[in-house]
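These notes concern the structure reproduced below.
This structure is a prediction, so every number in the text was calculated from the model and none was measured. In this chain, residues are counted from 1 in sequence order.
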Amino acid sequence: MNRKYPRAQWHDYNSGIYFVTVCTHNRIHYFGKISEGEINHSKIGAYLCQAIEQVGLHYRNASVDRYVVMPNHFHAIISINVPVGSQ
């Protein structure tokens, strides 16, 4: 099996900023449908958006700076902020 290297070669991951992509099993469109160029989220897709927006409530050192939910995957830019002196 040929796998892509999971990290961007051009990005320094020591900064605590991560670009994450998660795909659904078998690429099934669980999160919604595209209609006229716009995403219409399903109930699961709407729940996913809500969960992503609340990451900081559950993980105080994490934040989702940007994200997009598509029908069968989502992308997110996640920042992990380690307090000074706790490394």
Side-chain angles (χ1 to χ4, degrees):
M1 177 181 352
N2 249 351
R3 289 190 59 127
K4 294 181 183 178
Y5 185 72
R7 292 184 171 209
Q9 299 296 315
W10 45 265
H11 180 66
D12 175 13
Y13 288 91
N14 291 323
S15 65
I17 299 172
Y18 301 89
F19 179 78
V20 177
T21 298
V22 178
C23 298
T24 61
H25 180 66
N26 292 328
R27 309 262 185 189
I28 297 172
H29 289 200
Y30 289 117
F31 303 140
K33 296 182 181 190
I34 301 288
S35 176
E36 298 182 18
E38 297 283 326
I39 180 80
N40 294 309
H41 290 122
S42 64
K43 286 184 180 182
I44 295 171
Y47 180 80
L48 175 59
C49 290
Q50 180 183 11
I52 291 170
E53 290 171 3
Q54 294 179 355
V55 163
L57 297 175
H58 302 285
Y59 303 97
R60 64 181 176 173
N61 294 331
S63 64
V64 178
D65 300 328
R66 297 267 193 267
Y67 73 93
V68 62
V69 175
M70 301 302 291
N72 64 357
H73 68 283
F74 72 90
H75 302 287
I77 298 175
I78 302 171
S79 296
I80 307 297
N81 305 307
V82 179
V84 177
S86 64
Q87 296 174 346

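- Placement of Leu48 and Met70 in two distinct hydrophobic clusters is found when ILVMFWY residues are connected by side-chain heavy-atom separations under 4.5 Å, directly or transitively.
- Among residues two or more places apart in sequence or in another chain, the side chain to side chain donor-acceptor pair (under 3.5 Å) test is passed with Ser79 by Asp65.
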Can you give each donor-acceptor pair under 3.5 Å made by side-chain atoms of residues 28-39, sequence neighbours left out, with the distance rounded to 0.1 Å?
none

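- Legend: residues meeting side chain to side chain contact (heavy atoms under 4.5 Å, CB included) with Ala51, ordered by chain and number and at least two apart, are absent.
- Under the 4.5 Å side-chain heavy-atom criterion for ILVMFWY residues, no single connected hydrophobic cluster contains both Val68 and Ile17.
- Looking at residues two or more places apart in sequence or on another chain, you find no side chain to side chain donor-acceptor pair (under 3.5 Å) involving Tyr47.
- The side chain to side chain donor-acceptor pair (under 3.5 Å) check on Gln54 picks up nothing, with sequence neighbours excluded.
- With sequence neighbours left out, the side chain to side chain contact (heavy atoms under 4.5 Å, CB included) criterion links Arg27 to Cys23, Asn72.
- Evaluation of the side chain to side chain contact (heavy atoms under 4.5 Å, CB included) rule for Asn61 yields Pro83 as partners, not counting sequence neighbours.
- With sequence neighbours excluded, the residues forming a side chain to side chain donor-acceptor pair (under 3.5 Å) with Thr21 are His75, listed by chain and number.
- The local environment of NE2 in His25 is sparse, with at most 12 non-hydrogen atoms from other residues, nucleotides or ligands closer than 6.0 Å.
- Rounding to the nearest 0.5 Å places CZ of Phe74 at 10.0 Å from SG of Cys49.
- In this structure the side chain of Val69 reaches within 4.5 angstrom of the side chain of Ile52, judged on heavy atoms.
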